[in-house]
Amino acid sequence: MTAIALEPAVTDETRPSFVSRLVRGRPDDPAWVRPSLVALLLLTAFAYMWALGASGWANSFYSAAVQAGTVSWKAMFFGSSDAANFITVDKPPAALWVMELSTRMFGVSSWSILLPQAIEGVAAVGLLYLCVRRWFTPAAGLIAAAVFAFTPVAVLMFRFNNPDALLVLLLVAAAYATTRAIEKASLRWLVLTAILIGTAFLTKSLQAFLVVPAFALAYVIAAPVGFGRRLLHLGVAGCAIVVASGWWVAIVELWPTSSRPYIGGSQTNSALELIFGYNGFGRLTGEEAGSVVPGGAASNTGGLLTGGPTGLGAGGAGPGGGSMWGATGWSRMFSSEVGGQVSWLLPAAMILLVAMVAYSLTKGRTDRLRVAVLIWGGWLLTTVIVFSYMQGIFHAYYTVALAPAIGAIVGIGGTELWKRRETWAARIGLSSVIGVSAIWAFVLLGRSPSWFPLLRFMILLAGISVAVILLLAPWFRARTMLAIVVVAVALGLVAPAAYAAQTVSTVHSGSIPTAGPTVVGGRGGPGGGPGGPGGGPGGMGRPGAQNRLGGPGGFGAQGQPGGGQPAGPGTGHGMFGPPSLGQNGQGPGQSQRGTGPGGGLLNGSSASAAMVAALQHDASKYTWVAAAVGSNTASGYQLGSGKPVMAIGGFNGSDPAPSLAQFQQYVAQGKIHYFIAGGGMGGPGGATGGPGGGKSGTSSQITSWVQSNFTAQTINGVTVYDLTMPNQ
């Protein structure tokens with residue numbers, strides 16, 4: 001067997017130095033390649049880092065956990081929401097670790113929390129270029145990197161503090177390691193692939209494993225050693241994945257529950273249940289304990305997610321209408337909710353993938369194009385199928401995981417067709433890619449009719465014209481052909497880049513952010529107002545759309561007592577420009593309750609100066625300066641005061657922690673100062689556990705007990721109960 005040939009052999013005497021390779025690039029690269037790559041990476045860095053502080057705490061749920069991890073190493077290890085280690089976030093903590101290292105170096109601010117995501121994004125773009133360029137042309141690598149970099153949802157997530165940024169970086173790095181492993185059947189590189197995927201598992205659970213079938217199949221087919229050795233290598237890599245993904249889980253499971261935080265998102269205080277249930281197979285089946293159950297109903301949410309006037313249906317459907325997170329099926333990636341996030345070049349990628357398969361059918365098993373089909377095509381198809389048909393919780397920003405595969409296939413497939421442009425089949429393929437992309441951009445831009453309405457017509461006209469010209473390619477001169485290529489690439493990028501630019505200029509907050517301008521008819525996540533399927537009172541609109549507040553019983557951006565504005569850092573600093581924060585960290589164009597394009601749903605609370613003063617008064621006497629139902633309510637008060645706030649019931653208030661007896665014991669021991677009313681994921685009913693209240697039975701019991709035994713008082717419009725002063 002022979003390894004896949006890549007470059008001419010070099011000796012130590014002829015090998016360029018590291019600095020030379022860094023500046024000049026590969027010896028066989030044309031002079032324009034390295035400047036183009038540097039320009040792309042600088043532009044990407046600018047887009048990802050511009051005025052990072054403008055979004056305030058972004059997702060305050062994770063920002064509060066980062067703040068806690070900056071105070072307590074134990075909280076950092078477990079991913080606790082508070083420094084007193086009451087409960088964890090509902091994800092493994094790897095993404096938090098990176099942010100917490102940043103905040104330990106630079107202090108807690110929106111900038112230091114969001115900076116790692118931007119750096120991860122630039123690194124992922126650079127790695128994708130290296131991965132594609134290693135086997136294909138510089139143009140293929142640059143196109144792949146550019147498509148990835150300016151996919152709107154990628155721009156969004158690399159400027160936001162959800163775990164997806166680190167997840168995508170690790171998966172791209174794993175693809176690069178797989179490429180290196182296949183070249184010479186390198187067990188070392190294959191084990192590195194396993195370690196990277198295992199770390200991605202500690203970032204976002206089972207989603208990290210979606211690429212495993214593609215990578216494993218590529219290795220077992222194409223590695224240049226005997227079949228038995230290939231299987232042995234995969235077995236070793238499998239063991240490495242188990243170790244890399246399981247060490248933290250094993251420690252948590254073996255740690256005495258009495259001395260560690262409750263595992264948020266689980267119903268039994270178990271990391272295994274969280275990973276394989278709520279964050280795992282429950283996402284596929286819809287049976288997520290404490291969240292959703294089959295038929296679009298909900299568990300422990302007071303009817304919040306059951307459709308009808310006070311609930312959320314499945315794209316307009318009531319109970320029994322299928323997935324409450326939108327209609328499932330092949331069209332999901334092209335829907336109003338998802339299409340503008342990631343699907344601009346998805347039709348083109350599918351066409352090019354078919355062409356790549358056709359060209360590689362007659363090749364040997366180690367052929368680079370054939371292996372690329374397995375790696376990138378397997379990644380794309382597996383992820384698209386899972387996202388399209390999963391019945392559980394699904395948000396549009398998950399699709400950032402598709403962006404690297406789309407970019408790689410467009411870059412590789414496009415340049416492969418271009419090399420064969422002398423044939424009619426290749427020219428028809430190229431024309432189809434350009435024409436279909438222009439038509440689909442016209443459709444997507446039409447979903448935001450008031451946003452640059454002429455752009456869609458310009459793209460359509462130019463796209464159809466270039467598609468026709470490409471059919472006549474052999475009759476044009478070389479310079480003309482070069483101009484056509486530049487225009488064709490620009491046409492593919494201009495529409496998503498415009499969405500990306502709008503995303504950069506917009507403040508984003510909450511737990512469910514979306515990229516781009518408001519669209520018409522989107523279903524989206526909870527909390528939307530009328531306008532699309534599932535809208536109406538308490539219905540669902542597109543996250544990021546205007547009129548984002550739900551009707552009676554719906555849930556929007558914590559507008560009920562105990563809520564308030566999206567939390568901001570107060571003193572955040574942007575990069576390459578001012579953050580332009582308004583009061584309490586709000587950015588321009590964002591109202592108190594998070595409406596308007598850009599802001600996400602499930603925003604955290606914010607603490608007024610009077611509330612901060614109350615929470616900080618004699619704070620050293622208490623383990624928690626306050627308790628509130630739901631992490632989004634607790635997070636803003638914790639970030640504002642800098643002191644631990646207990647998030648009763650975890651993220652959505654549905655976890656059975658603490659029990660009423662445990663809470664009563666904490667109060668009797670003087671460990672909690674205030675109880676902040678409201679909270680959960682509900683609207684006005686959320687304060688009492690009535691319709692619309694996103695609470696578990698235990699959360700409602702605690703709320704009722706507090707209301708019966710303590711006197712309500714108001715601090716700057718927020719209802720609180722002093723738990724050190726029971727009723728007589």
Side-chain angles (χ1 to χ4, degrees), residues 6-7 16-50 52 95 98 102 114-151 153-159 164-181 183 189 192-193 196-197 199-200 203 211 372 375-376 379 400-412 415 489 493 496-497 500 504 575-576:
L6 294 176
E7 302 177 9
S17 67
F18 174 77
V19 174
S20 175
R21 284 182 284 132
L22 185 65
V23 174
R24 174 64 178 84
R26 288 169 50 154
D28 55 336
D29 278 350
W32 56 267
V33 173
R34 187 47 54 108
S36 299
L37 175 61
V38 171
L40 173 61
L41 293 178
L42 288 175
L43 183 59
T44 302
F46 180 82
Y48 292 177
M49 295 181 186
W50 170 262
L52 274 179
V98 180
S102 174
L114 296 176
L115 179 63
Q117 277 63 247
I119 294 174
E120 288 160 6
V122 177
V125 171
L127 269 175
L128 183 63
Y129 168 81
L130 292 176
C131 189
V132 172
R133 172 63 185 104
R134 188 164 185 87
W135 284 0
F136 300 96
T137 65
L142 288 169
I143 292 171
V147 169
F148 174 31
F150 301 116
T151 298
V153 71
V155 175
L156 171 70
M157 296 316 296
F158 290 127
R159 294 175 54 86
D164 301 75
L166 181 60
L167 172 74
V168 171
L169 170 61
L170 291 169
L171 295 184
V172 173
Y176 178 81
T178 300
T179 300
R180 296 295 299 269
E183 289 174 6
W189 280 102
L192 178 59
T193 299
L196 290 166
I197 292 174
T199 306
T203 301
V211 300
I375 293 175
W376 300 109
W379 177 337
V400 67
L402 296 171
I406 293 174
I409 293 170
V410 169
I412 297 169
T415 53
V489 173
L493 292 175
V504 170
M575 177 172 260
F576 306 129

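Source: prediction; values computed, not measured. We count residues from 1, following the sequence as given.
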Undergrad: When rounded to the nearest 0.5 angstrom, what is the spacing between CZ in Arg134 and OG1 in Thr179?
TA: 8.5 Å
Undergrad: Which atom pair, heavy atoms only, marks the closest approach of Ala149 to Val125?
TA: CB-CG2, 3.7 Å
Undergrad: For a 4.5 angstrom cut-off between non-hydrogen side-chain atoms, does Leu142 reach Trp32?
TA: yes
Undergrad: Between Trp135 and Glu183, does any side-chain donor sit less than 3.5 Å from a side-chain acceptor?
TA: yes
Undergrad: Mind listing the closest non-hydrogen atom pair of Ala500 and Val155 along with its distance?
TA: CB-CG2, 3.6 Å
Undergrad: Tell me the closest heavy-atom pair linking Ala124 and Val172, and the distance in Å.
TA: O-CG1, 3.7 Å
Undergrad: Can you find a pair of side-chain heavy atoms, one from Leu166 and one from Val98, that are under 4.5 Å apart?
TA: yes
Undergrad: Could you measure the distance from the CG atom of Leu171 to the OG1 atom of Thr203? Nearest 0.5 Å is fine.
TA: 8.5 Å
Undergrad: Kindly indicate whether the side chain of Ile406, heavy atoms from C-beta on, has any atom under 4.5 Å from the side chain of Phe148.
TA: no
Undergrad: Test Tyr129 against Leu40 for side-chain contact (heavy atoms from CB on, under 4.5 Å), laying out the working first.
TA: CA-CA 10 Å; Tyr129 168 81; Leu40 173 61; over 6 Å; no
Undergrad: Any side-chain heavy atom of Pro404 sitting closer than 4.5 Å to one from Val168?
TA: yes
Undergrad: Quick one: pull up CG in Leu114 and OG in Ser102 and give me the separation to the nearest 0.5 Å.
TA: 9.5 Å
Undergrad: Look up atom CD1 in Ile409 and atom CD1 in Ile143, then write down how far apart they are to the nearest 0.5 Å.
TA: 14.0 Å
Undergrad: What is the distance from atom CG of Leu43 to atom CZ of Phe150, rounded to the nearest 0.5 Å?
TA: 4.0 Å
Undergrad: Closest heavy-atom contact between Val132 and Ala408?
TA: CG2-CB, 4.0 Å
Undergrad: Exactly one of Thr193, Leu192, Thr199 should register a side-chain contact (heavy atoms from CB on, under 4.5 Å) with Leu196. Which one does?
TA: Leu192
Undergrad: Do Arg159 and Val504 make a side-chain contact, defined as non-hydrogen atoms from C-beta onward lying under 4.5 Å apart?
TA: yes
Undergrad: So, does Thr151 use its side chain to make a donor-acceptor pair with the main chain of Ala154 at under 3.5 Å?
TA: no
Undergrad: Backbone N or O of Leu169 within a donor-acceptor pair of the Glu120 side chain at under 3.5 Å?
TA: no
Undergrad: Give the minimum heavy-atom separation between Gly407 and Val147, together with the two atoms involved.
TA: CA-CG1, 3.7 Å
Undergrad: Partners of Tyr48 by ring pair (Phe, Tyr, Trp, His ring centres under 6.0 Å), sequence neighbours excluded?
TA: Phe158
Undergrad: side-chain contact (heavy atoms from CB on, under 4.5 Å), that's the test. Do Ile197 and Leu170 meet it? Break it down for me.
TA: CA-CA 7 Å; Ile197 292 174; Leu170 291 169; over 6 Å; no
Undergrad: To the nearest 0.5 Å, what is the distance between CG (Leu41) and OG (Ser36)?
TA: 11.0 Å
Undergrad: Describe, in one word, how the ring planes of Trp379 and Trp376 are oriented to each other, choosing from parallel (under 30°), tilted (30 to 60°) and perpendicular (over 60°).
TA: parallel
Undergrad: Sequence neighbours left out, what passes salt bridge (charged side-chain N to carboxylate O under 4.0 Å, His left out) with Arg133? Give chain and number order.
TA: Asp28, Asp29
